[in-house]
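As structure tokens, the structure follows; a few thoughts come after it.
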Protein chains: 4
Amino acid sequence: MSFTALSALKSKQLTDQLIDQSVIVDPASAKGRLLKSAATLFKRQGFDSTTVRDLAKEMGIKSGSLFHHYQSKQEILLNVMHQAILLNQARLELALSLNENLTDKIHALILCELQASLLDTGAQMTILVYEWRCLNPENQQKLLTLRDNYEAVWFEHLSQAKTQGLVNIDPKILRRFLIGSISGTIHWYQEGGKYSTEKLAEMMLMMALKDA
Amino acid sequence: MSFTALSALKSKQLTDQLIDQSVIVDPASAKGRLLKSAATLFKRQGFDSTTVRDLAKEMGIKSGSLFHHYQSKQEILLNVMHQAILLNQARLELALSLNENLTDKIHALILCELQASLLDTGAQMTILVYEWRCLNPENQQKLLTLRDNYEAVWFEHLSQAKTQGLVNIDPKILRRFLIGSISGTIHWYQEGGKYSTEKLAEMMLMMALKDA
Amino acid sequence: MSFTALSALKSKQLTDQLIDQSVIVDPASAKGRLLKSAATLFKRQGFDSTTVRDLAKEMGIKSGSLFHHYQSKQEILLNVMHQAILLNQARLELALSLNENLTDKIHALILCELQASLLDTGAQMTILVYEWRCLNPENQQKLLTLRDNYEAVWFEHLSQAKTQGLVNIDPKILRRFLIGSISGTIHWYQEGGKYSTEKLAEMMLMMALKDA
Amino acid sequence: MSFTALSALKSKQLTDQLIDQSVIVDPASAKGRLLKSAATLFKRQGFDSTTVRDLAKEMGIKSGSLFHHYQSKQEILLNVMHQAILLNQARLELALSLNENLTDKIHALILCELQASLLDTGAQMTILVYEWRCLNPENQQKLLTLRDNYEAVWFEHLSQAKTQGLVNIDPKILRRFLIGSISGTIHWYQEGGKYSTEKLAEMMLMMALKDA
DNA sequence: AATGAATGAGTCTTCATTCAT
DNA sequence: AATGAATGAAGACTCATTCAT
């Protein structure tokens with residue numbers, strides 16, 4: 001993947017644009033800051049172990065005040081996940097548009113999701129995996145279409161890779177293995193450690209594709 | 001992997017032997033049944049969302065009675081994890097002894113852990129991954145040596161594979177990717193679905209090794 | 001009771017006159033509309049179950065804004081009750097002035113209070129009965145004189161009826177029975193149902209007086 | 001009504017018999033005492049204004065312990081009402097069996113319900129009237145059949161009275177007026193005051209029947 | 001071993017009220 | 001006048017744990 005493509009993902013322009021378009025909640029607003037804090041805490045402690053008092057304290061308000069912004073803790077979770085998908089999908093599309101080669105594109109997919117899991121961006125994709133069962137069925141339904149759209153992008157590219165002989169197993173299963181590998185990183189990844197997210201993405205690409 | 005090796009893993013002999021040696025708690029005893037029930041519930045609902053009343057009901061006793069067997073819910077979790085490691089390690093060693101070829105051995109490693117995650121054996125390895133943070137630091141320490149022993153086996157084999165050119169990335173990282181892929185299966189694996197645990201293990205082997 | 005008397009009770013003239021004299025709050029003003037809404041909600045849901053947000057929503061404003069009109073929810077209750085007594089007393093006096101015969105006068109008393117309980121007039125007398133204990137002692141004291149004046153009118157007429165042999169029990173007790181019967185109607189009266197308020201008043205009169 | 005009939009209603013035998021038959025909860029048991037306390041508090045303060053802490057304090061336990069006996073405050077209300085109907089219905093049937101004359105029977109009906117409203121018996125019928133809307137729809141449904149049975153007894157007797165010319169208005173409406181009169185007594189009745197429940201019942205009978 | 005009752009600290013949530021803008 | 005954000009005290013309910021029986 002080119003240096004240009006990599007750095008584009010980090011630019012603030014992207015986020016700003018999404019805010020302008022009201023795709024995501026303005027991270028500077030009270031609601032936005034709450035979502036960011038919640039994402040961080042849910043990732044660190046899990047949804048169940050994060051109390052509304054924790055959330056409130058993180059924002060410097062009292063717990064009752066939270067409910068001025070969201071009707072319930074559950075609604076906060078829903079929004080955290082919603083934002084995560086939206087933000088990551090936007091990053092993904094940008095990344096894809098900046099790469100031509102299929103291998104590079106898959107590399108980009110991996111990197112995007114990895115960073116969305118590990119970096120403190122508010123787009124904590126791991127929450128989607130680990131806290132999914134904390135979402136009530138009604139809310140799960142609401143997110144399912146969005147998740148499906150997102151997964152469709154992965155499937156499309158891994159299928160092409162299969163056709164081209166870059167992949168030798170069922171692409172659906174490969175994707176599931178990769179979800180596990182990626183989300184699992186939060187249990188051991190350390191910022192400033194031996195491997196950067198970029199390096200990890202590269203290694204994961206090597207595992208996923210036959211001759212990467 | 002040979003048919004003999006596969007079926008040996010399923011034999012009851014192994015478990016019986018471990019009980020005789022008092023390595024693991026007799027699954028027929030009250031304590032043993034509790035551990036099994038707990039493993040099932042912790043896997044299904046998570047540790048935090050499993051109440052001590054849930055555990056008691058599963059055993060057909062009242063919640064207060066649980067504390068005659070274990071001093072706290074935390075202690076139950078500790079023992080569930082402990083048993084999981086012990087049981088799985090024993091299965092692992094048996095599996096390794098039944099295979100000669102390095103590729104077969106790695107295949108066996110994967111299959112063992114996959115089954116320990118997906119099958120209702122009481123050796124629910126996924127709990128180690130997903131509920132690790134529910135273990136208090138003191139108890140984490142107690143299990144760490146055991147986990148290290150277990151991981152050493154994996155590292156040894158993946159390192160050999162690296163040397164032989166079967167693996168092209170850092171074995172430590174590969175192992176972590178595999179932990180993620182394996183434990184992630186609980187989110188989507190369905191018994192009686194398209195792929196069996198054996199088939200999944202095969203596919204994971206193909207992903208992990210260059211020419212498997 | 002004559003047709004003239006009946007329809008006079010429904011005329012808007014009466015209310016207008018009271019507003020002009022500043023006896024009651026102008027129902028077109030913000031304060032007046034709030035009182036009307038509050039009366040409706042308190043009757044329907046009870047004082048405790050009506051939130052200040054409910055009241056605000058009914059008026060199309062935000063809850064904080066309510067406190068520009070009244071200092072507290074308690075004060076709103078006080079005023080709702082106050083208005084109810086004033087309005088009903090005025091209607092009562094009019095009704096009495098339009099009837100000569102004692103039986104007709106008692107009929108009028110009953111009809112007035114029944115309509116004040118059942119119709120959506122802002123003079124919800126039932127609130128006086130059912131929400132009285134929600135009024136703090138201080139405010140109860142404030143209304144007591146007013147209530148006593150109002151009750152004096154009833155007592156006077158029922159006493160006369162006793163003297164004339166139309167009533168055969170202690171007039172004070174009869175009045176209390178009637179309060180119960182009248183306020184109880186809100187639990188079952190349905191507008192447009194089998195019996196009109198006029199018909200119900202007639203039946204109640206028959207129960208109260210020996211040969212009505 | 002005869003003296004025998006009156007005193008039979010007060011005997012403890014009746015209650016004991018019901019307990020033996022498990023028709024009602026034993027008032028000496030924890031559950032029974034809770035129900036009694038709850039009935040008293042709900043009557044005095046209303047359901048909404050009675051906190052679970054109030055209930056617990058009345059029983060000398062901590063609030064959390066309440067939920068060992070009943071799953072929710074709502075369930076307590078349901079049971080209080082249920083007991084009230086059962087107890088009162090039993091008293092009613094006894095009273096009816098002890099009186100021959102129609103007038104006496106109606107007198108007995110009134111007295112029973114009046115005492116069930118005013119005396120501290122655990123059969124607080126007024127709660128049925130005043131707190132009915134606090135019962136959720138599901139629970140309302142559960143009690144409806146029971147209430148209907150109970151009301152059928154009243155209807156039967158008042159209808160007979162109508163046929164005999166003792167009553168000159170629709171018996172259904174008369175019953176509703178009487179419910180109001182009876183339940184309304186809690187707002188003003190004072191034990192040891194001028195009138196006893198027996199005296200009040202007599203007066204109410206005089207109001208209800210033409211020549212009582 | 002087992003039970004049932006009790007505990008107490010904790011959970012999310014509600015709501016009347018305040019106040020700067 | 002009106003708003004939106006915030007407060008804090010209170011609400012019902014949960015749950016691991018204890019303990020007398």
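Sequence lines set the chain letters: A, B, ... in the order given, protein chains first and strands last, and positions in each chain run from 1.
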Quick check for you: to the nearest 0.5 Å, what is the distance between D/Arg53 atom CZ and D/Leu55 atom CG?
12.0 Å
Is any side-chain heavy atom of B/Arg147 closer than 4.5 Å to a side-chain heavy atom of B/Met81?
no
If we only count heavy atoms from C-beta on, is the B/Phe42 to B/Ile76 side-chain gap below 4.5 Å?
yes
Validation row: A/Phe47, A/Leu135 side chains within 4.5 angstrom (heavy atoms)
no
Would you tabulate the pairs of protein nitrogen or oxygen atoms and nucleotide nitrogen or oxygen atoms of nucleotides 2-6 of chain E closer than 3.5 angstrom?
| from | atom 1 | to | atom 2 | distance (Å) |
| --- | --- | --- | --- | --- |
| E/dA2 | OP2 | B/His69 | NE2 | 2.9 |
| E/dA2 | N7 | B/His68 | NE2 | 2.7 |
| E/dT3 | OP2 | B/Lys62 | N | 2.9 |
| E/dT3 | OP2 | B/Ser65 | OG | 3.0 |
| E/dA5 | OP2 | D/His68 | NE2 | 2.6 |
| E/dA6 | OP2 | D/His69 | NE2 | 2.8 |

Specify the separation, in whole Å, of atom CG of C/Asp54 and atom P of E/dT17.
14 Å
In dot-bracket form, 5' to 3', how is DNA chain E paired? Count Watson-Crick and G-U wobble pairs only if both distances fall under 3.5 Å, and write | where the partner sits on another strand.
.||||||||||||||||||||
Min side-chain heavy-atom separation D/Tyr70-D/Leu35 under 4.5 Å
yes
Can you check the A/Lys73 NZ to F/dC13 P distance for me, whole Å?
19 Å
C/Asp48 CG to F/dA10 P: how many Å, rounded?
15 Å
Quick check for you: to the nearest 0.5 Å, what is the distance between D/Thr51 atom OG1 and D/Lys57 atom NZ?
8.5 Å
Could you check which of E/dT17, E/dT13, F/dG11 has an atom nearest any side-chain atom of A/Phe67?
E/dT13
To the closest 0.5 Å, what do you measure between CG (D/Asn136) and CG (D/Leu77)?
9.0 Å
Taking atom CD of B/Glu75 as the centre, report whether more than 12 heavy atoms of other residues, nucleotides or ligands fall under 6.0 Å from it.
yes
Quickly work out the A/Glu75 CD to E/dC12 P distance and round it to whole Å.
15 Å
Heavy atoms under 4.0 Å, any strand shown: does D/Thr50 hit a base, just sugar-phosphate, or nothing?
sugar-phosphate
Whole-Å distance, B/Tyr70 OH to F/dA16 P, equals 17 Å
Walking DNA chain F from its 5' end, the first of B/Gln74 and D/Gln71 to be reached, judged by nearest nucleotide, is D/Gln71
Let me know, please, whether A/Ser72 or C/Phe47 comes out on the 5' side of the other along DNA chain E by nearest nucleotide.
A/Ser72
With rounding to the nearest 0.5 Å, note down the distance linking NZ in C/Lys36 to CD in C/Gln124.
8.5 Å
Expressed as a whole number of angstroms, how long is the span from C/Leu78:CG to E/dA16:C1'?
17 Å
note: B/Gln45, atom CD; F/dC15, atom C1'; distance rounded to Å ~ 14 Å
